[in-house]
Amino acid sequence: MTMDAISQRYLMCRPTYFAVDYAINPWMDPTAPVDAALAIRQWETLRQVYLDLGHTVEEIDPLPGLPDMVFAANGGTVIDGRALAVQFRDPQRADEAPAYRAWFEAAGFEMHDPKHVNEGEGDILLAGGLLLAGTGFRTAHASHAQLQEIFGYPVVTLQLVDPRFYHLDTALTVLDERTVAYLPEAFSPGSQAALRRLFPDAVLATAADAEVLGLNAVSDGRHVVLPAQATNLAAALRDRGYETIGVDLSELLKAGGGPKCCTLRLRQGKAGK
Ligand code: ARG
């Protein structure tokens, strides 16, 4: 089966000021060394993969003092030409929110301001006609109602239970309009049951895949860009007909991030590109 790739528009932020200076998730150890130059080269490789696939990559200027700003997925949620700005749980990342908001506004998106903590596409993923919304660690459950009001897609709340998989995009990836891949044990029993009902054909990841942030993947419907270390998951995806592209983001992994964290999907309205 050949699947169609959909050309996408992404927002990324060069890791000029990337560092692991604080710990707001279990992956982060401020005493462990980080190779900042290597982080930049790895990020440039990821960007080039998208360009080679024919996608468009926009860039937001990185700001000094905001080492996690490279994780653009947390900058907002952008669907049908509307952008919901973010409100971070942790004060260390708070100043990223207005920077991303200003970028969306300048780019012409219809802006909406958050009423509750929400960390953008880290926890909010459009899957077909549903908005999958994570909660438990970062994004507040109360924000899910606002998502439905702004975007008008049915929202499905998913309860995350493992602190290593603190954002939804570390535990689940959207492959195309119909299918997702996820790690069942990262979710509460009720959320696992809901996922089984919604996606009976989902690809189930193994703990080994998730532990290298293999689920932090970016799919255009045909090509799936994922951490190179997630070899089981890559094989399972190839069995389903996807083409996999492994990338090594070892330095960004030290902050708890992978390819998807570095990549915010910009979705224009129906008339847009
Ligand atoms: N250090 C960052 C944090 O803890 C990593 C964010 C990763 N982003 C993501 N979309 N999962 O907030």
Side-chain angles (χ1 to χ4, degrees), residues 10-15 17-32 34 36 39 42-43 46 60 62-63 65-78 84-97 99-100 114 117-127 131-140 143 158 160 162-174 180-183 186-187 205 209-219 225-227 230 247 249-266:
Y10 297 130
L11 179 63
M12 298 182 74
C13 181
R14 182 174 292 270
Y17 305 105
F18 175 68
V20 179
D21 291 340
Y22 49 79
I24 56 172
N25 70 53
W27 302 80
M28 302 175 86
D29 174 3
T31 66
V34 172
Q42 292 176 334
W43 178 90
L46 176 65
I60 179 173
L63 294 172
L66 296 175
D68 275 336
M69 194 170 168
V70 58
F71 300 118
N74 301 127
T77 305
V78 185
L84 172 62
V86 295
Q87 182 178 322
F88 285 95
R89 181 195 67 176
D90 298 291
Q92 293 94 331
R93 297 197 67 184
D95 289 345
E96 295 177 41
Y100 277 99
V117 170
N118 90 84
E119 299 199 355
E121 273 204 336
D123 276 320
I124 300 156
L125 296 172
L126 186 64
L131 267 179
L132 305 181
T135 191
F137 297 102
R138 301 291 182 91
T139 293
S143 74
L158 296 171
L160 295 162
D162 183 333
R164 291 172 305 165
F165 309 118
Y166 55 95
H167 275 143
L168 180 62
D169 72 358
T170 64
L172 180 147
T173 188
V174 177
V180 301
Y182 65 97
L183 178 72
F187 296 91
D209 293 321
E211 282 161 13
V212 291
L213 285 189
L215 288 161
N216 199 249
V218 177
S219 174
V225 180
L226 79 172
V247 291
L249 294 183
S250 65
E251 300 315 287
L252 298 167
L253 185 62
K254 294 174 184 171
K260 171 61 203 158
C261 299
C262 296
T263 313
L264 177 66
R265 176 102 182 263
L266 300 171

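When a ligand or atom number is given, it counts from 1 through the structure's own listing order.
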### Message
Tell me whether Asn25 has any N or O atom under 3.5 angstrom from an N or O of ligand 1.
### Response
yes
### Query
Which atoms of ligand 1 have any heavy atom of Asn74 under 4.0 Å away?
6 (C), 7 (C), 8 (N), 9 (C), 10 (N)
### Query
Which ligand 1 atoms does Gly122 reach within 4.0 Å, using its non-hydrogen atoms?
10 (N)
### Task
Measure Tyr166 to ligand 1 on non-hydrogen atoms and call it side chain, backbone, both or neither using the 4.0 Å cut-off.
side chain
Result block: side-chain N/O donor-acceptor pairs under 3.5 angstrom for residues 66-78, not counting sequence neighbours:
{"unit_1": "Asp68", "atom_1": "OD2", "unit_2": "Tyr22", "atom_2": "OH", "d": "2.8"}
{"unit_1": "Asn74", "atom_1": "OD1", "unit_2": "Arg93", "atom_2": "NH1", "d": "3.0"}
{"unit_1": "Asn74", "atom_1": "ND2", "unit_2": "Glu119", "atom_2": "O", "d": "3.1"}

### Message
Just to confirm my output: which protein heavy-atom neighbour is closest to atom 10 (N) of ligand 1, and how far is it?
### Response
Asp169 OD2, 2.7 Å
### Message
Quick one: does any side-chain atom of Asp29 pair with a main-chain N or O of Lys254 as donor and acceptor, under 3.5 Å?
### Response
no
### Query
Have Thr139 and Asp123 got a donor and an acceptor in their side chains that come within less than 3.5 Å?
yes
### Query
Are the side chain of Tyr166 and the backbone N or O of Gly256 linked by a donor-acceptor pair below 3.5 Å?
yes
### Message
I'd like to know whether ligand 1 has Phe88 as a neighbour, heavy-atom separation below 4.0 Å.
### Response
no
### Ion pair Glu211/Arg164, N-O distance below 4.0 Å
yes
#### Entry: Partner residues of Tyr10 under the ring pair (Phe, Tyr, Trp, His ring centres under 6.0 Å) criterion, sequence neighbours left out
Tyr50, His55
### Heavy-atom nearest option to atom 4 (O) of ligand 1, drawn from Met28, Arg138, His167, Lys254
Arg138
### Query
Which is it for Asp90 and ligand 1 at heavy atoms under 4.0 Å: side chain, backbone, both or neither?
neither
### Query
If you take all heavy atoms of Phe88 and Ala97, which pair is closest and at what distance?
CE1-N, 4.0 Å
### Query
What protein heavy atom sits nearest atom 9 (C) of ligand 1, and how far away is it?
Cys261 SG, 2.8 Å
### Summary
atom 12 (O) of ligand 1 sits nearest the protein heavy atom Arg93 NH1, 2.7 Å
### Message
For atom 2 (C) of ligand 1, what is the closest protein heavy atom, and at what distance to 0.1 Å?
### Response
Asp68 OD2, 3.4 Å
### Check: Asp90 side chain, Gln92 main-chain N or O, donor-acceptor pair, under 3.5 Å
no
